Amino acid sequence: MTATLLEPDFLRRLEQLEIVSRKIFQGKMKGDRLSRKKGQSVEFADFRNYVVGDDLRFLDWSLLGRLDKLFIRLFQEEEDLHVDLLLDQSLSMDFGEPNKFHYARQVAAALGFIGLNSLDRVVVETFHHRSVLRSEPLRGRRSLWRLLDFLNQVRPTGAGDLNRAMREFTLRRSGKGVVILLSDFLDKGGFEDALRYLVARQWDVFVLHILSPQEIDPEFVGDLRLVDAEDADVAEVTVNAALLERYRKNLQALRSSLATFCTRRGISYLFAPTDVPFDQLVLHSLRQRGLLR
Amino acid sequence: MEPRRAGWLDSLRKLWFPLGLALCLAVLLPGLVLLVGHLLGVAPKWNEWLERRLGISFHFPLAAWTGWALLAAPVLLILLYFLKLRRQPRTISSTYLWHKSMEDLRVNRLFRWLRNNVLLLLQLLVLIALIFGILGLRLHGVVGTGRYYILMIDNSASMSARDSGMPGTRLEAAKEAALREIDAAPDDAVGMLIVFNSAAEIRQSYTSNKSLLRQRVREIEPTQRRTRIDEALALADSLANQRVSAENEAVKPEDVQPGQVRVYAPVEGIQATVHLYSDGRFPEPSDFILGNLDLRYHPIGSGDARSRNVGVVVFNALRDDSDRSVVRVFARLVNIAEQPASRNVELVCRVDGRLHKQFREPVTIPAARRRENGEWIPGERSVTFEVGDVDEDREAVFHLLAAGADDDLAADNEAWLVVGIVRKACILIVGAENRILRAFFDDDSTRSIAEVDYLSAADWQDAATRGRRFVEPGRQGAFDLVIFDRIAPEKADDMPQANTFFIGVAPPTLGGKELEPRRNVFVKAWSSAHPLLRYLGGLHEIGVGETFRVAEMPPRTARLLEGPDETVLLFTLTRGPFTDVVQTFPLLTQADEWNTNWPLQPSFPMFWRNVVFEYGGVRDSNTEEVLRPGSIWRWRVDPSTKQVEVTDPENRRSVVERSPNRPEVEVANLEKLGLYRIAGTNPSRTLAVNLLDEDESMIHPRESLKVGDHEVAGESVRRQPREIWKWLILIALVAVLLEWFVYNRRVAV
């Protein structure tokens with residue numbers, strides 16, 4: 001199962017990476033990264049006047065000798081990072097060659113491993129019109145197998161409703177962290193509201209827009225009865241050059257509007273066609289985009 | 001008001017396509033029906049009906065498979081349309097973008113819908129045009145206003161020749177040329193088809209239906225007959241040149257007397273162009289006047305230098321006088337090529353169906369020569385075979401074969417001959433002793449061909465004897481010929497069922513006409529064409545002592561010998577199937593003295609031999625008439641024989657029934673060369689049908705013809721451009737179908 005999602009050689013290459021949060025968030029446990037909170041670590045942060053009740057172990061004895069004043073030394077708190085991987089599980093993801101859902105699971109597995117390796121707290125959550133499955137919070141490399149087990153159990157199902165799913169997630173999820181949303185965004189309800197929910201919670205949001213080559217450049221022609229995989233909606237079309245041109249323009253418009261929406265709201269957007277090799281996406285595109293370093 | 005109008009427009013918008021489709025199909029349907037009619041071979045009948053009722057006809061000029069393809073095309077087109085409507089289901093990730101894209105294009109959706117369906121209707125219209133175009137529908141004008149032409153096609157034996165350098169037979173080439181003439185004729189032209197060989201037949205009377213005419217031309221089959229053009233020209237002439245009547249302008253006198261002016265009808269007749277397709281191998285009609293006929297001769301066949309043929313033109317046999325079991329068989333062969341021809345002439349003799357003897361003789365026939373006037377004289381060679389041990393009472397059949405590789409005409413390479421006495425005449429002579437007649441009839445040579453019985457005058461008077469020996473056998477048809485010498489039955493009812501010859505007495509069938517005695521009469525005129533007087537000379541030397549003159553001869557009486565003052569000395573009367581010959585003068589007077597010097601003339605025994613052969617029904621090998629394809633063979637049979645069975649050279653059997661009240665059977669369908677076997681006669685007969693015609697063997701196409709005083713030069717066969725438009729239309733059809741296919745597959749994407 002592991003081999004399906006992540007190859008061992010690739011895992012070794014991922015060990016060098018970590019998820020970058022443009023915002024430093026509070027974790028529940030101490031982690032590998034500095035927090036805005038001042039706490040107990042070796043990284044000096046500042047001084048402040050002593051007040052009654054402070055731990056005397058943090059008194060700066062040198063300053064007391066020189067200035068005869070009591071100062072407390074403050075250290076940067078090292079915190080863990082909350083990484084939420086939101087994986088679109090709707091039936092529309094089960095399409096294309098390479099398969100979009102498999103591709104999304106691979107990306108989720110890679111990002112999850114990077115998070116685990118950095119002692120981040122990783123939660124994978126799948127959704128269609130609502131949240132379906134949620135892994136327990138995972139931490140540490142030893143949890144990799146649990147992460148992969150979880151991802152392998154997930155199968156595409158149901159019709160998608162991004163807005164509702166994100167709303168539910170936002171209401172349920174507390175705290176800060178990094179939210180990585182993997183979806184094809186082929187949602188008839190639009191994506192704007194969904195992303196607004198995420199933005200409102202000040203999360204560091206990354207959007208991976210996954211589409212298959214067959215969706216980007218459809219190859220079928222003629223008189224067709226197109227059936228929607230999610231809701232069995234039917235579109236009777238005569239696919240000709242004009243319609244295909246119109247389709248491509250609309251897809252481009254969707255991508256543009258999504259990218260623009262994200263950019264304006266501080267969301268990192270990355271278009272991920274599944275014909276781009278997975279390792280290339282993780283090792284290059286995501287690093288260039290700033291999600292990884 | 002506004003909503004109602006909008007509703008009407010909406011309905012029209014919804015219904016225009018089904019209405020248009022229904023209209024197209026309604027127009028298409030007659031075309032398809034006509035096409036089916038053509039493919040089922042009933043087009044000529046339908047064309048007749050269409051021309052009669054609607055004044056239109058059609059002609060499908062292409063091969064049958066194109067007809068089937070054309071028939072399938074509308075079905076395929078509509079099938080494609082329905083296939084197009086059957087959209088293929090396909091599951092995709094989301095219809096979100098597709099709906100959106102369609103919404104964008106929905107602005108001109110109505111136009112798009114219209115365009116798609118207009119395409120189908122247009123294609124149907126193209127198809128309709130194609131089908132009707134290829135069917136060649138044409139409107140017919142009123143018959144009689146157009147130009148008249150007559151196609152005269154020779155299908156005689158020589159037209160079966162295969163000239164070197166020509167793909168088929170001459171007849172096929174003639175048919176092709178005639179078809180081109182039909183194609184080239186204007187639509188309002190009226191054509192007729194005459195097919196001729198030894199006889200002529202109007203295969204299609206005047207019609208402007210080209211399709212029908214084409215059909216009739218294609219139906220012409222080759223025959224093995226000889227060629228005689230006279231009858232064909234007479235048929236054309238009868239339509240083109242009206243006979244002069246007392247009422248038309250042809251007889252209008254130049255100096256019309258005042259007060260006697262009459263209205264003369266114009267000379268009618270149809271000015272017609274006659275296209276004669278033949279090799280010209282027929283006797284030229286020397287006394288024919290073309291009149292309104294514009295004869296155009298199209299010689300069929302390759303040039304003189306290339307024609308090669310050796311043919312048997314004479315084949316007969318004769319028994320040796322000293323040894324009757326020996327038969328001498330003669331054959332004459334002609335060679336029309338410019339080079340001598342070598343042949344192995346084979347003769348096979350079969351007696352009673354068994355192989356008797358076989359001969360083979362290599363001969364070289366000299367080359368043909370050409371006269372200064374251009375006429376060809378064929379090289380000739382005679383071959384004689386002597387075949388022994390052929391008994392007189394047995395039927396011997398000879399088959400001569402002179403085939404060779406370098407021979408353009410196969411029909412004249414073999415000949416058949418049947419030898420054997422088959423039937424003697426059965427003759428009764430009634431009357432007083434007549435030594436002149438007895439001298440002739442008791443001669444051995446006469447005895448070999450006739451059984452003669454005598455009924456004396458005394459026996460004639462005895463009713464019982466007469467009844468037993470004359471009346472009863474006579475009624476049963478036991479005699480072939482009854483000769484009444486100065487004695488005649490009293491009533492016409494007493495006449496026997498046989499031919500009769502009255503000597504010096506009038507038959508009762510003359511109806512009691514007044515007889516005027518005449519004396520000392522000499523023969524002034526005679527009919528040498530009559531079979532009885534054929535080849536007889538010196539008849540004017542015949543003198544007669546006593547005779548009588550029939551005051552009023554029955555109409556249409558054949559007068560054989562005539563004396564002065566309209567005294568007919570010999571004439572024939574027709575009595576049903578029988579002939580009564582009347583010689584008005586006796587050979588011997590009542591005093592038994594010679595009444596005429598005729599018995600002293602050489603013509604006398606020859607005349608009586610003719611009588612025996614002509615009216616006695618004698619048939620033997622030497623007298624057997626030459627049967628040629630198309631001949632009619634008549635044979636007198638026993639009264640009890642109702643029918644005979646005929647087996648043709650291809651062993652096909654047919655039954656020929658004897659006509660009631662006729663003593664003979666007539667076998668008419670002798671069209672093939674070879675042996676016909678007749679069963680049912682006693683004894684059974686074998687007939688040989690041969691070509692044996694030098695004109696047919698001379699297959700050099702004649703370059704020009706002389707019809708009457710008119711010299712007709714051969715014209716080249718009409719050539720015209722090939723009708724490639726038909727193929728262009730077919731290509732257009734394929735292009736339309738391809739376009740439909742491409743449109744549906746959207747290859748352009």
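Each chain gets a letter, A, B and so on, in the order the sequences are listed, and its residues count up from 1. What's counted below: heavy atoms across the whole structure, side chains too, no hydrogens, waters or symmetry copies. Every value quoted in this text rests on a predicted model; they were computed, and no experiment measured them.
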Ion pair check, Arg248(A) and Glu245(A), cut-off under 4.0 Å: yes
Between Asp84(A) and Arg173(A), does at least one N-O distance fall below 4.0 Å, as a salt bridge requires? yes
So that I know where these two stand, are Phe191(A) and Phe261(A) an aromatic pair - ring centroids less than 6.0 Å apart? yes
Validation row, ring centre Trp203(A) to ring centre Phe169(A) under 6.0 Å: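 Yes, ring centres under 6.0 Å apart.
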For the pair Tyr247(A) and Trp98(B), name the ring-plane relationship: parallel under 30°, tilted 30 to 60°, perpendicular over 60°. parallel
For chain B, which candidate among [options] shows the most heavy-atom pairs at distances under 4.5 Å?
options                                   : result
Ser90(A), Ala253(A), Ala232(A), Ala235(A) : Ala235(A)
Arg246(A), Met93(A), Lys100(A), Gln214(A) : Arg246(A)
Leu226(A), Leu251(A), Val237(A)           : Leu226(A)

Select one option (side chain, backbone, both, neither) describing which atoms of [X] are under 4.5 Å from chain B's heavy atoms.
X         : value
Glu215(A) : side chain
Lys249(A) : neither
Leu243(A) : both

Which of residues 181-188 of chain A get closer than 4.5 angstrom to chain B, counting heavy atoms alone? Leu186(A), Asp187(A), Lys188(A)
For His99(B) and Asp233(A), run side-chain hydrogen bond (donor to acceptor under 3.5 Å, both in side chains): C-alpha distance rounded to whole Å, both residues' side-chain angles, the deciding distance at 0.1 Å, then the answer. CA-CA 10 Å; His99(B) 276 304; Asp233(A) 178 39; 2.6 Å; yes
Flag yes if more than 12 heavy atoms outside Glu219(A) fall under 6.0 Å of its CD atom; otherwise flag no. no
Establish, yes or no, whether the cationic atom of Arg105(A) lies under 6.0 Å from the six-membered ring centre of Tyr103(A) and within 45° of the ring axis. no
Listed by chain and number, what are the salt bridge (Lys or Arg N to Asp or Glu O under 4.0 Å) partners of Arg167(A), not counting sequence neighbours?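 If we apply the salt bridge (Lys or Arg N to Asp or Glu O under 4.0 Å) test to Arg167(A), skipping adjacent residues, there are no hits.
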